[in-house]
Amino acid sequence: MSERHTDTAEPLAGGRMDSATDPATEAFVAHRNLLFTVAYEMLGSAADAEDVLQETWLRWTAVDLETVRDQRAYLVRITTRQALKRLRTLGRRKESYVGPWLPEPLLTAPDVAEDVELADSVSTAMLLVLETLTPTERAVFVLREVFDLDYDEIAEAVGKSQAAVRQIAHRARSHVAARRPRETVSPNETRDALQAFQQAVETGDLQRLLDILAPDVVFLADGGGLKQAALAPLVGADQVAHVLSRITPGASLEPAQVNGHPALIVRIDGDIDTVITVRIDDGLITGLYAVRNPEKLSHMERETTVSR
């Protein structure tokens with residue numbers, strides 16, 4: 001975060017509080033992980049989610065708590081409004097982005113996978129589906145389907161009538177249902193597929209690689225113009241396998257828990273070079289997502305807590 005906000009670092013970091021902590025700080029820290037998750041699911045960017053939390057905190061400190069009936073709902077409302085503003089700015093920024101844009105990966109704790117709905121909602125595959133919604137549709141979908149907010153709370157957060165929100169929710173739900181993975185894949189299935197993928201890449205076994213890739217697999221690589229990466233999606237098992245067979249010799253692949261799901265971290269000389277996540281349908285890898293942009297890898301050095 002920027003230096004001008006160092007006075008708010010403790011509540012934003014979710015630090016420990018002493019008995020003298022004021023009620024506003026206490027409420028913010030209590031809901032911080034939830035607010036971060038709301039912002040992250042709306043933006044797909046941890047850095048932008050942190051900025052949204054900064055703005056939320058500044059606005060929260062100016063609120064008269066005596067007038068607040070439900071602090072959690074009020075904080076979510078502020079966060080949503082700030083995230084919507086940021087989402088529209090982010091959309092313009094993505095238009096000039098070099099190559100495919102992928103969500104910023106988060107190193108998450110293993111227990112996130114135990115909440116299947118939460119893990120699904122922060123997965124790379126789902127965040128990419130959410131990218132196809134309008135900003136308001138995305139906010140309504142996230143608040144309703146992931147966080148189970150009432151329609152009246154969502155209406156206040158997005159500045160629409162309850163009737164309009166219900167229509168938006170229905171439209172967004174149908175849109176997502178048509179594009180999300182066809183079935184819920186267990187962590188074990190994902191882990192097995194990734195293990196087979198890792199062994200195929202490490203041994204250079206092209207046939208084994210082709211056996212686990214769907215014929216129409218899509219490979220997206222996000223270098224952001226800072227690291228070498230394909231500037232357009234690669235489609236088809238043969239083409240994708242050919243690219244993967246050229247992973248830098250000497251690179252190490254290690255399993256990790258990323259965005260609530262098993263993933264692989266590619267390290268070169270001990271440093272994180274790429275984070276690979278997958279989408280699986282009918283037992284085959286249908287989507288491969290490789291984040292190489294170094295500006296998006298800062299949240300891979302320590303676990304980030306996501307919650308509902």
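Computed from a prediction, not measured in an experiment: that's the story for all the values here.
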Kindly state each residue pair satisfying salt bridge (charged side-chain N to carboxylate O under 4.0 Å, His left out) with at least one member in residues 57-76, sequence neighbours excluded. E55-R59
same_hphob_cluster(L213, V218) at 4.5 Å side-chain heavy-atom cutoff: no
I want to check something: taking the side chain as every heavy atom from C-beta on, are L106 and V122 in contact at a cut-off of under 4.5 Å? no
Do you know which two heavy atoms are closest between A49 and Y40, and how far apart they sit? CB-N, 3.8 Å
Can you pull out every salt bridge (charged side-chain N to carboxylate O under 4.0 Å, His left out) where at least one residue sits in residues 282-294? Sequence neighbours excluded, please. R182-D282, D273-R292
Quick check for you: to the nearest 0.5 Å, what is the distance between T37 atom OG1 and M42 atom CE? 13.0 Å
Strictly by salt bridge (charged side-chain N to carboxylate O under 4.0 Å, His left out), give each pair with a member in residues 255-271 just once, sequence neighbours left out. E254-R267
Using only atom types and a distance under 3.5 Å, with no angle test, would you say the side chain of T305 pairs donor to acceptor with the backbone of N33? no
Examine the side chains of S186 and E189 and answer whether a donor and an acceptor come within less than 3.5 Å of each other. yes
Salt bridge or not for D148 and R308, using N-O below 4.0 Å? no
Ring centers of W60, F28 separated by less than 6.0 Å: no
In a table with atom names and distances, give each donor-acceptor pair under 3.5 Å that connects a side chain of residues 154-170 to protein atoms at least two apart or in another chain.
residue: E156; atom: OE1; partner: R77; partner atom: NH1; Å: 3.3
residue: E156; atom: OE1; partner: R77; partner atom: NH2; Å: 3.0
residue: S161; atom: OG; partner: A164; partner atom: N; Å: 3.1

Does anything in residues 88-100 form a salt bridge (charged side-chain N to carboxylate O under 4.0 Å, His left out)? List the pairs, not counting sequence neighbours. D48-R93, K94-E131
Taking the side chain as everything from C-beta on, heavy atoms only, tell me whether T286 gets closer than 4.5 Å to I280. no
Taking all heavy atoms of L284 and all of P215, pick out the closest pair and write down the distance. CD1-CD, 4.4 Å
Minimal non-hydrogen separation, W57 against A24, with atom names: CZ3-O, 4.1 Å
Can you confirm whether L288 sits close enough to F197 that some side-chain heavy atom of one is under 4.5 Å from a side-chain heavy atom of the other? yes
Measure the OG1-CG distance between T124 and L220 for me, rounded to the nearest 0.5 Å. 10.5 Å
Polar side chain donor-acceptor pair, Q195 to Q199, under 3.5 angstrom: no
In this structure, CG of L35 is separated from OG1 of T79 (nearest 0.5 Å) by 4.0 Å
CG-CG distance between L53 and L75, expressed to the nearest 0.5 angstrom: 9.5 Å
What are the two closest heavy atoms between P100 and A232, and how far apart are they? CD-N, 4.2 Å
Please output the side-chain donor-acceptor pairs of residues 296-303 that fall under 3.5 Å, not counting sequence neighbours, one pair per line with the distance.
residue: K296; atom: NZ; partner: L102; partner atom: O; Å: 2.5
residue: K296; atom: NZ; partner: D222; partner atom: OD2; Å: 2.6
residue: H299; atom: ND1; partner: E104; partner atom: OE2; Å: 3.4

Verdict with supporting geometry, E202 and Q198, side chain to side chain donor-acceptor pair (under 3.5 Å): CA-CA 6 Å; E202 289 176 338; Q198 180 179 350; 3.1 Å; yes
Would you say Q228's side chain and G223's backbone share a donor-acceptor pair under 3.5 angstrom? no
In the structure I gave you, are the side-chain heavy atoms of V142 and S121 within less than 4.5 Å of one another anywhere? no
Is the closest side-chain donor-acceptor distance between N259 and S123 under 3.5 Å? no
So, taking the atom named CG in L234 and the one named CD in Q239, what distance separates them when rounded to the nearest 0.5 Å? 4.5 Å
Would you find a donor on one side and an acceptor on the other, under 3.5 Å apart, between the side chain of R144 and the backbone of L149? yes
Approximate separation, where rounding is to 0.5 Å, of I268 CD1 and T274 OG1: 6.5 Å
Flag side-chain contact, heavy atom, 4.5 Å: V140 against E145: no
Can you give me the closest heavy-atom contact between L226 and P294, atom names plus distance? CB-CD, 4.0 Å
Taking atom CD of E117 as the centre, does the number of heavy atoms from other residues, nucleotides or ligands within less than 6.0 Å exceed 12? no
Exam field: side chain D150 to backbone E153, donor-acceptor pair closer than 3.5 Å: no
If only side-chain N and O atoms count, and only distance matters, is there a donor-acceptor pair under 3.5 Å linking T277 with H261? no
Option among F36, F141, F147 that satisfies the side chain to side chain contact (heavy atoms under 4.5 Å, CB included) test with E41: F147
Determine whether V291 and I276 make a side-chain contact, defined as any pair of heavy atoms from C-beta on separated by less than 4.5 Å. no
Does F219 reach the side chain of L244, with side-chain heavy atoms less than 4.5 Å apart? yes
May I ask you to test the D111-E114 pair for a side-chain heavy-atom distance under 4.5 Å? yes
